[in-house]
Amino acid sequence: MIEAWLLHKPQSVEYQPLVRSSIPEPDCGPGQIRVTISACGVCHTDVHIVEGDLVLPGLPVLPGHQIVGRVTELGPGSDRFHLSDRVGIAWLNWSCQQCEACQNGRENLCSSALFTGFHVPGGFTEQIVIHQDYAYAIPDQYDDVQAAPLLCAGIVGFRALRVAGVRPGERVGLYGFGASAHLALQILEHWQCETYVFSRSEQHRRLARELGAFWTGQAGERPPRQLHRAVIYAPAGWIMVEALKDCGPGGVVTSGGIHMSDIPQFPYALLWEERCLNSVANATRQDGHDFLEIASQKKLHTEIEVFRFDQVNQVLKMLKNSTLKAAAVLSRSC
Ligand SMILES: [Zn+2]
Ligand SMILES: [Zn+2]
């Protein structure tokens, strides 16, 4: 048996919804690998899962989808990794490769996709099995806890820049400065973009300036110049409207989150001149490989706070109340 933190009933993070439990070791089937987990990042999506903001596929749920560990068993026919290789596991756990979305390179939109820590058991435990094709090699420059936030905050944050259509040298606004945005900012620096960071927290604005932000302020404050792209990492619909006001003609506003409060009504004049509002859903393996390739060329600074696995309920509460400095990671070795 292994230890796992299970959700039996969705409820507010105030009530410590994850329960320490013993579950059987998962079987390692054909094409799969067994991964012994050393670290697992905690993501805002985990808060939305435990509080029942997302419609859950069934109960109990074992959340956690930014997993780093080592391969400890190869299922029949698995040859992509070797025993003791270090791998990462992200939100996309499996896609059908048959549907129209999969056939068009958009497996992130696969209608039968399975997501880690949602449809299938996730990383708030000791071991996980996954099909070898959905695991990632982790760049050597990162230790386990530093690598964990790359797997969702990093990959999905990167897809958001792609969906917003960011081109090198453009002026890009990042709204909300948590785990995703601090990695996205460094990618934008790499692309020589001019970044404008909007956050309520002075601590976050300071970190943004240290990482190279051109300008920092709060949502609702107008930046000194009109933006080409705006990416929203905060789950607040009103910020979408404020970001539209910040964009010039042809500007794109992209929402990077899985859940957001309603977007208030706004005058058509804000959308006129080919401004565009869109959203990101999940990420493809190609996004993952491309992002990790950049992360291996240019060492990204992952700002993390490390906790023990038995502190997971406390971490979810801190995440919800925005009292974390940066990305939260659970570690077996602390
Ligand atoms: Zn599919
Ligand atoms: Zn996530």
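Basis for what follows: all heavy atoms, side chains included, without hydrogens, waters or symmetry-related copies. This is a predicted model, so every value here is computed, not measured. Throughout, residue positions are numbered sequentially from 1 according to the sequence presented. Atoms within a ligand are numbered from 1 in the order they appear, just like the ligands themselves.
A cation-pi arrangement is present between Arg285 and Tyr134, with the terminal nitrogen or guanidinium carbon under 6.0 Å from the aromatic centre and inside a 45° cone about the axis.
Residue contacts to the Zn ion (ligand 2): His44 brings no N, O or S atom closer than 2.8 Å.
Gln97 and Ser95 share a donor-acceptor pair across their side chains, judged by distance under 3.5 Å alone.
Residues Phe198 and Ile239 form no side-chain contact, since every pair of their non-hydrogen atoms from C-beta on lies 4.5 Å or further apart. The shortest distance between side-chain heavy atoms of Leu92 and Thr284 does not fall below 4.5 Å. Counting only heavy atoms from C-beta outward, the side chains of Trp5 and Asp310 approach each other to under 4.5 Å.
For the Zn ion (ligand 1), the tally of protein N/O/S atoms lying closer than 2.8 Å stands at 4.
Side-chain rings of Phe214 and Tyr196 approach one another, their centers coming within less than 6.0 Å.
For the pair SG of Cys43 and SG of Cys152, the angle at the Zn ion (ligand 2) is about 130°; rounding is to 10 degrees.
One finds the NE2 atom of His65 at 4.5 Å from the OG1 atom of Thr45 (value rounded to the nearest 0.5 Å).
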